[in-house]
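Lettering follows sequence order; numbering is per chain, from 1. The analysis underlying the following values was restricted to heavy atoms, covering all of them including side chains, and did not include hydrogens, waters or symmetry mates.
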There are 2 protein chains.
Amino acid sequence: MIQNLTDHDREHLQEALGKSGQKVTPQREAVFTVLLAQRDHPTVDEVFHRAREVMPGLSLATVYNCLETFVGCGLVRQVNHERESTRYCPNLTPHAHFRDKATGRVHDIELPPEVLKSLRSILPPGFDSDVVEISFHGRAQAKDSDPSN
Amino acid sequence: MIQNLTDHDREHLQEALGKSGQKVTPQREAVFTVLLAQRDHPTVDEVFHRAREVMPGLSLATVYNCLETFVGCGLVRQVNHERESTRYCPNLTPHAHFRDKATGRVHDIELPPEVLKSLRSILPPGFDSDVVEISFHGRAQAKDSDPSN
DNA sequence: TAATCAGTTAGAATGAGTCTAATCCGCAAG
DNA sequence: CTTGCGGATTAGACTCATTCTAACTGATTA
Ligand SMILES: [Mn+2]
Ligand SMILES: [Mn+2]
Ligand SMILES: [Zn+2]
Ligand SMILES: [Zn+2]
C-alpha cells in the first residue's frame, strides 16, 4: 500500500531539503512517502495515521513539523478550503483544486499557462502576486477511485 | 463614521432576509451597516467592535449569527486566506481577493466575465461548480486609505 | 392572558494548529 | 572509544476562532 520512494523521489526529497540546509530523516521520508503514495490531499491527521502504519512511534507533532518543513522548501503545497483542516498536495505543477460537495474529496484541476496568465492580467498596476489559489466547489461525477502516483 | 443604511440598502437587506423567511432586527441592521460602511473585509471581531460602538449590548455570538445568516441568504461572502480568521465582504459582483503580504489588508480585484469563463473552462467534463474562489497573495503599492462605500 | 417562536445572549465546549521543554541521536572533536 | 553539540523528535500544554448549549427576551398569535 505504501511502497517505498523511488530513487528519483528520494533524490528530490534530499535535494529540496538540502537546499534549505536540512536533512533527510526517517520520519521525513515516511511522511513524504505517504504523500506520494496516495495523492488525495490528505489532512495532517490522515497523513499521521497512514505514516504510523509504517512507523508506529511517529508523533503527530512530527507530522506537523515535517509538513511545515516540506512546505517551506517547496516540496508540497498546502490546500485550504474555507475553514476545514489544511490538506497537503505534492503536485508541484500549476493547478487548481476542486472540492466535491458530496464526498469532500479534493481533485487537482490542470491549469493551462494561458489561463493562469489571463488570471494574473486582472491585477491592476501596483499589485504583485507570488501565489494565486484557485478553488472550485461543486459536484463531480463519481469517476471512482484514487489518483495515486 | 457608521452612517445609517440608505433606503436602498435597507430594502436590499429586508428583501434578502425575507426571501429566506427571516426578519430585519436591530442587530442585523447594525451588523449589515458596519459591513457596508467600511468595505475592508473585516473579521468577526472587527465587525463586533465596530458594531458595538453603535449598539453596546450586542454580543459576539449574535455577530456570528448575523454573519452566518447573511451568508446563507447571499447578502455577504465569506473570504478565507489560509487559516486566518474568516473575513466578510458585501461586494456581490464577481471578484477575486488580493491579500497584501505586508499589511494583511484584503483588496477586491474585479473579475471580468471572460476571465471567469476561461477559468470555468478548465473543468473537465463531469465537474460542475457553483463557486470559484480566487485569491492572490503578494505585495500591493501603498495606494492608501479605505475603500468605503 | 398565555403560548409560541425566532432571535439574542453568556458562557462552555471543540478542535486544528502552535508552543514548550525534555529527550534523542548522528556526528565530529578530543 | 567517550563527550559535546545541534538539529530533530516527542508528549503534552496551550491558544483561539468557531460552534454549541441553554436560558432569556420580546414580538406575535390563539
Ligand atoms: Mn522531481
Ligand atoms: Mn442592491
Ligand atoms: Zn493538488
Ligand atoms: Zn471582496
Ignoring hydrogens and angles, write down the donor-acceptor pairs under 3.5 Å from the side chains of residues 125-133 of chain A, residues two or more places apart or on other chains.
from      : atom 1 : to        : atom 2 : distance (Å)
Ser129(A) : OG     : Val131(A) : N      : 3.4
Ser129(A) : OG     : Val131(A) : O      : 3.1
Asp130(A) : OD2    : Lys101(B) : NZ     : 2.1

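- Between His81(B) atom NE2 and dA17(D) atom P there is a gap of 18 Å when expressed in whole angstrom units.
- Taking atom CD of residue Gln27(B) and atom P of nucleotide dG7(C), one finds them 11 Å apart after rounding to whole Å.
- Closest contact between the side chain of Arg28(B) and the listed nucleotides dG11(C), dT9(D), dT8(C) involves dT8(C).
- A donor and an acceptor atom, one from each side chain of Asn65(A) and Thr62(A), are nowhere located under 3.5 Å apart.
- With hydrogens and angles ignored, the 3.5 Å screen pairs a side-chain donor or acceptor of Arg83(B) with a backbone N or O of Arg83(A).
- Closest to the side chain of Ala61(B), out of dT9(C), dT18(C), dT19(D), is dT9(C).
- In this structure, Phe48(A) atom CZ and dA16(C) atom P are separated by 13 Å, rounded to whole Å.
- Residue contacts for Thr62(B): at a heavy-atom cut-off of 4.0 Å it reaches a base atom on one of the strands shown.
- Rounding to whole angstrom units, CE of residue Met55(A) and P of dC24(C) are separated by 17 Å.
- Inspection of the His137(A) and His81(A) side chains reveals no N or O donor paired with an N or O acceptor under 3.5 Å.
- Nucleic acid contact for Thr86(A): sugar-phosphate only, since backbone atoms but no base atoms lie under 4.0 Å from a heavy atom of the residue.
- Distance NZ (Lys23(A)) to C1' (dC24(C)): 14 Å, rounded to an integer number of Å.
- Ranking dA8(D), dG7(C), dA11(D) by closeness to the Gln22(A) side chain, first place goes to dA8(D).
- Computed from coordinates, the Leu60(A) CG to dT18(C) P distance equals 11 Å when rounded to whole Å.
- The OH atom of Tyr64(B) sits 15 Å away from the C1' atom of dA10(C) (whole-angstrom rounding).
- Among the heavy atoms of the strands, none lies under 4.0 Å from Asp45(B).
- Closest to the Thr25(B) side chain, of the nucleotides dT9(D), dT8(C), dA17(D), is dT8(C).
- Taking the nucleotide of DNA chain C with the nearest heavy atom to each of Val63(B) and Glu84(A), the more 5' of the two is matched to Val63(B).
- A salt bridge between Asp40(A) and Arg50(A) is present, with a side-chain N of the basic residue lying under 4.0 Å from a carboxylate O of the acidic one.
- As a whole-Å value, the separation of Asn65(A) CG from dA8(D) P is 10 Å.
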